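To start, the structure under review is shown below, and the notes come after it.
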Amino acid sequence: MNLDLIRRTLAGRTIDYFETIGSTQTAAAGRPLGGIVLADEQTAGRGRHSHSWHSEPGTGIYLSIVLQPSPVLTLALGLATAEAITSTTGIACDLRWPNDILIGGKKAAGILVELVDDRAIGGIGINVNHTVFPPGLAGEATSLRLQAGREFSRTEILLALLPAIDIFQALDKDAILRLFAQASSYASGRRVVVMQPGGVVEGVTAGLNPSGYLVVRKDDGTDTLILAGGVRAAGS
Ligand code: BTN
């Protein structure tokens, strides 16, 4: 990563860079609004639902940014990440509600939003130049390099990502919901299985409700509102 170029291009922004850190999320807590924490490697990277985030050195983008909380921030950051990836690499992305960025049906990036005091810590992990994943992840994870067969510049993607975050997080909720519904093949008409605390829900997605939750229409015609993740394409 070309840190000098990143700092020069994003002059005026607070960027704390670590070669190795536990989690950029932890380091970002308590930092000022707009503050960015970036790492080359995480030893305790966190994903949603207490999962870990595979964060090997020299290959990925591991970033946290301090933002104003908003109800659809996870969706906005997913849109920003997909936009940055596509604009710099030409690779088309799909969005799986609420926080997965998929390429070729596999997960290439993820979003984690955590609330700390009155701030949101927006965490973004992008698998850029990974060539292998640990056995447990190999079936569902991918990288831009694995998809395109060539390496990409993490600096370029990062320099597209920060302005994209600014743009998408400033949009109003309805605009974010509309853009997400357009960009995501999972938002409607997709047969899915969802792991819920009370059991498994299977049905066809029927859009996002006004709060940004996913509506799944079950085969008996009733709608279930999905409040948290765990959405998978049925049969996958
Ligand atoms: C997910 O898909 O479950 C969310 C993954 C979020 C990973 C990023 S990497 C940078 C930031 N620091 C972390 O520990 N997690 C997020």
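Remember, it's a predicted structure, so these values are computed and weren't measured experimentally. Both ligands and their constituent atoms are indexed starting at 1 by order of listing.
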For the side chain of T205 and the backbone of G189, is there at least one donor-acceptor N/O pair under 3.5 Å apart? yes

Is a side-chain donor or acceptor of R154 paired with a backbone partner of G60 at a separation under 3.5 angstrom? yes

Parallel, tilted or perpendicular: which one describes the rings of H49 and H51, with boundaries at 30° and 60°? perpendicular

Which option wins on minimum heavy-atom distance to [atom]: [options]?
| atom | options | result |
| --- | --- | --- |
| atom 1 (C) of ligand 1 | I124, N99, I101, I21 | N99 |
| atom 2 (O) of ligand 1 | K107, R96, R48 | K107 |
| atom 7 (C) of ligand 1 | H49, R46, H51, E114 | R46 |

Interfacing atoms of ligand 1 (cut-off 4.0 Å, heavy-atom, [X]):
| X | answer |
| --- | --- |
| G45 | 14 (O) |
| G47 | 1 (C), 3 (O), 4 (C), 5 (C) |
| G125 | 7 (C), 8 (C), 9 (S) |

Less than 4.5 Å apart, any side-chain heavy atom of V113 and any of L77? yes

Using side-chain heavy atoms (C-beta onward) and a distance below 4.5 Å, is F133 in contact with N127? yes

Note: [X]-[Y] ion pair, threshold 4.0 Å (strictly below):
| X | Y | result |
| --- | --- | --- |
| R178 | D172 | no |
| E151 | R145 | yes |
| R13 | D166 | yes |

Please report which non-hydrogen protein atom sits nearest to [atom], along with the residue it belongs to and the distance in Å to one decimal place.
| atom | value |
| --- | --- |
| atom 9 (S) of ligand 1 | Q42 NE2, 3.4 Å |
| atom 10 (C) of ligand 1 | T24 OG1, 3.3 Å |
| atom 4 (C) of ligand 1 | I111 O, 3.4 Å |

What I want to know is whether W53 and ligand 1 share at least one N or O pair that is separated by under 3.5 angstrom. no

Return a yes/no value for S23: is any of its N or O atoms, backbone included, closer than 3.5 angstrom to an N or O of ligand 1? yes

I need the contact type for T26 against ligand 1. Using non-hydrogen atoms and a strict under-4.0 Å cut-off, is it side chain, backbone, both or neither? neither

